[in-house]
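Structure first, commentary second.
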Amino acid sequence: MSKENTKKTEKRIGMSFLERATYFYKTHEHRISSYALVFGFIVDNFTLRRIDLFFENFVMASYLVVAGVSIALVNILEEKGGASLHPIFRRAHWLLSLAIQFVFGGLFSAFVVFYSRSASLVSSWPFILILFGLLIGNEFFKKHYERLVFQVGIYFVALFSYFIFSVPILIGEMGPAIFLLSGVVSLCAISLLFCGLRKIVPRRYVEGRRGLFVTIGSIFLSINILYFTNIIPPIPLSLKDAEVFHNVERVGGGYRVVAEKRGWYEVFFPTETLHVEEGGSAYVFSAIFAPTRLQTSIVHHWYYYNKEKGLWVSSHKVDLPILGGRGGGYRIYSFKQDIAPGLWRVDVETKGGLGVGRLEFMVERLTDVVTLEERML
């Protein structure tokens with residue numbers, strides 16, 4: 001063993017537990033953070049179930065509280081310079097930065113999971129990309145977590161992202177007015193943090209006040225623009241299932257559907273094909289998850305592809321009321337009579353035009369025998 005390694009070993013033997021933990025973390029910081037990110041995202045994807053369940057919301061709300069407290073404590077340490085604080089608090093400074101990094105990673109991991117489940121990626125990919133960028137970027141933000149404006153800016157994004165879906169869950173409604181209420185609640189929450197910072201770290205607050213207001217105002221405006229341009233997913237709604245059938249009929253508490261019998265290999269085809277006779281109909285069946293007590297309307301917007309113009313043309317819309325609470329989603333369907341051959345799609349949307357999901361299918365004239373099957377959903 002070299003003299004350098006011997007000195008490092010002797011140094012570690014004389015350390016306290018906190019000092020050894022600090023030494024180990026700083027030595028393996030990048031590897032620990034990377035493993036934690038991947039492991040945490042995998043765990044969240046398999047353990048986070050319904051967005052309206054108490055446990056999921058309790059965990060996310062707890063993360064927000066821990067993040068707020070950690071931001072306050074880090075700034076106390078920065079304001080006082082550590083001179084008047086007990087040595088254990090000075091040594092634990094890195095723990096507070098790690099706590100902020102950990103809870104933000106947990107929050108944005110959960111947001112990516114829930115928002116992506118609720119999104120039609122065709123229209124909502126920019127917002128999902130922003131959340132994913134914040135999740136991945138969290139690994140590189142550690143040095144910035146000592147900057148008050150940066151801390152509060154990321155914290156406000158997390159607050160707003162949480163209240164966007166928690167407020168509709170609590171009220172049982174969704175729409176532009178509820179979204180605006182979510183924004184007001186987010187501003188009230190960040191104002192409470194401002195009041196606390198102004199009292200406990202007045203110097204740092206005054207120095208960063210202008211930057212804080214500009215940052216929060218910019219984030220608030222940007223999220224509103226994303227919402228009203230239909231880029232933010234219609235969370236807490238999510239599309240659980242969407243299929244096209246020859247017929248759909250309500251029978252008791254379920255639905256009897258008539259479908260074409262398909263080979264196992266056809267599940268890999270990107271576009272399903274429906275073979276219909278002249279004058280035949282196509283039925284699109286979908287299941288939309290919504291939190292318990294939430295009542296809203298879903299639109300099935302039918303389009304056909306015009307080959308000559310090279311664009312999608314609107315055919316008709318069908319408004320369908322839904323009620324939340326069913327784990328498998330509230331089941332609804334619409335149909336198109338005398339459907340023409342060609343490429344069709346049905347966009348599942350909110351009444352405000354936010355995309356929940358999309359089903360694309362090909363319609364062909366029946367020229368041969370097709371095996372049909374009935375099944376209950």
Side-chain angles (χ1 to χ4, degrees), residues 116-129 226 228-234 237-249 255 257-288 297-320 322 329 331-375 377:
S116 60
R117 289 177 184 175
S118 182
S120 172
L121 294 180
V122 174
S123 58
S124 299
W125 66 265
F127 187 72
I128 302 300
L129 187 62
L226 291 173
F228 287 104
T229 52
N230 293 340
I231 292 177
I232 292 182
L237 302 179
S238 62
L239 182 66
K240 305 292 287 186
D241 187 29
E243 297 182 75
V244 61
F245 299 115
H246 283 270
N247 189 46
V248 178
E249 182 182 3
Y255 291 84
V257 301
V258 178
E260 293 186 18
K261 194 169 185 179
R262 306 181 190 281
W264 62 269
Y265 56 89
E266 293 184 82
V267 299
F268 299 104
F269 292 178
T271 303
E272 191 172 341
T273 301
L274 193 73
H275 299 87
V276 299
E277 298 177 341
E278 180 119 12
S281 302
Y283 288 72
V284 167
F285 179 93
S286 61
I288 313 295
S297 291
I298 290 295
V299 175
H300 275 190
H301 192 170
W302 289 69
Y303 292 86
Y304 68 91
Y305 186 72
N306 188 313
K307 286 186 177 180
E308 295 180 358
K309 296 181 179 179
L311 51 81
W312 289 96
V313 179
S314 175
S315 169
H316 66 291
K317 297 181 181 181
V318 182
D319 287 359
L320 302 161
I322 68 168
R331 296 166 294 182
I332 53 177
Y333 70 92
S334 64
F335 60 92
K336 171 68 176 175
Q337 293 179 321
D338 192 18
I339 192 166
L343 187 60
W344 288 81
R345 83 169 196 238
V346 173
D347 287 355
V348 183
E349 306 171 340
T350 65
K351 291 201 73 171
L354 295 174
V356 183
R358 173 177 293 176
L359 176 66
E360 192 173 297
F361 57 95
M362 178 68 73
V363 175
E364 294 182 358
R365 282 284 176 252
L366 183 64
T367 58
D368 201 352
V369 177
V370 174
T371 303
L372 301 179
E373 60 179 358
E374 288 189 358
R375 63 177 190 262
L377 297 176

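In this chain, residues are counted from 1 in sequence order.
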- request: For residues 305-318, pull every pair meeting salt bridge (Lys or Arg N to Asp or Glu O under 4.0 Å), keeping only residues two or more places apart or in separate chains.
  value: none

task: Please round to the nearest 0.5 Å and tell me the distance separating atom OH of Y333 and atom CD of E249.
output: 8.0 Å

- prompt: Can you check whether T273's main-chain N or O pairs, donor with acceptor, with R262's side chain at less than 3.5 Å?
  reply: yes

query: Taking atom CD of Q337 as the centre, does the number of heavy atoms from other residues, nucleotides or ligands within less than 6.0 Å exceed 12?
result: no

- request: Quick one: pull up CE in M362 and CG in L274 and give me the separation to the nearest 0.5 Å.
  value: 11.5 Å

field: Heavy-atom closest contact (A242 atom, L359 atom, distance)
entry: O-CD1, 3.9 Å

E243/R375 ion pair, N-O < 4.0 Å: yes

- prompt: Would you say the side-chain atoms of E260 pair up with the backbone N or O of H275, donor to acceptor, closer than 3.5 Å?
  reply: yes

query: Counting N and O atoms only, with roles assigned by atom type, does the side chain of R331 sit under 3.5 Å from a partner on the main chain of L377, one being a donor and the other an acceptor?
result: yes

- request: Could you tell me whether the side chain of E349 reaches within less than 4.5 Å of the side chain of I298, counting heavy atoms only?
  value: no

task: For H246, check ring pair (Phe, Tyr, Trp, His ring centres under 6.0 Å) against everything at least two apart and list the hits.
output: none

query: When rounded to the nearest 0.5 angstrom, what is the spacing between NE2 in H300 and NZ in K336?
result: 15.5 Å

- prompt: Looking at side-chain heavy atoms only, is the closest gap between W312 and L343 below 4.5 Å?
  reply: yes

- request: Can you label the angle between the Y304 ring and the W344 ring as parallel, tilted or perpendicular, going by 30° and 60°?
  value: tilted

- prompt: Can you tell me how far the CG atom of L239 sits from the CD1 atom of I288, to the nearest 0.5 Å?
  reply: 4.5 Å

- request: Return the minimal non-hydrogen interatomic distance between V356 and S238, and the atom names on each side.
  value: CG1-C, 4.0 Å

- line: For residues 297-306, the salt bridge (Lys or Arg N to Asp or Glu O under 4.0 Å) pairs (sequence neighbours left out) are none

statement: Between D338 and S281 the two heavy atoms that sit nearest each other are N-OG, 4.1 Å

task: Please test V346 against F361 for side chain to side chain contact (heavy atoms under 4.5 Å, CB included), starting from the C-alpha separation and ending with a verdict.
output: CA-CA 9 Å; V346 173; F361 57 95; 4.2 Å; yes

statement: Here the pair of heavy atoms bringing A340 nearest to R365 is CA-NH2, 4.5 Å

message: How close do V257 and V248 get, counting heavy atoms only, and between which atoms?
response: CG1-CG2, 4.1 Å

message: Using the ring pair (Phe, Tyr, Trp, His ring centres under 6.0 Å) definition, which of the options F285, F245, Y283 pairs with Y255?
response: F285

- prompt: Looking at side-chain heavy atoms only, is the closest gap between D347 and Y303 below 4.5 Å?
  reply: yes

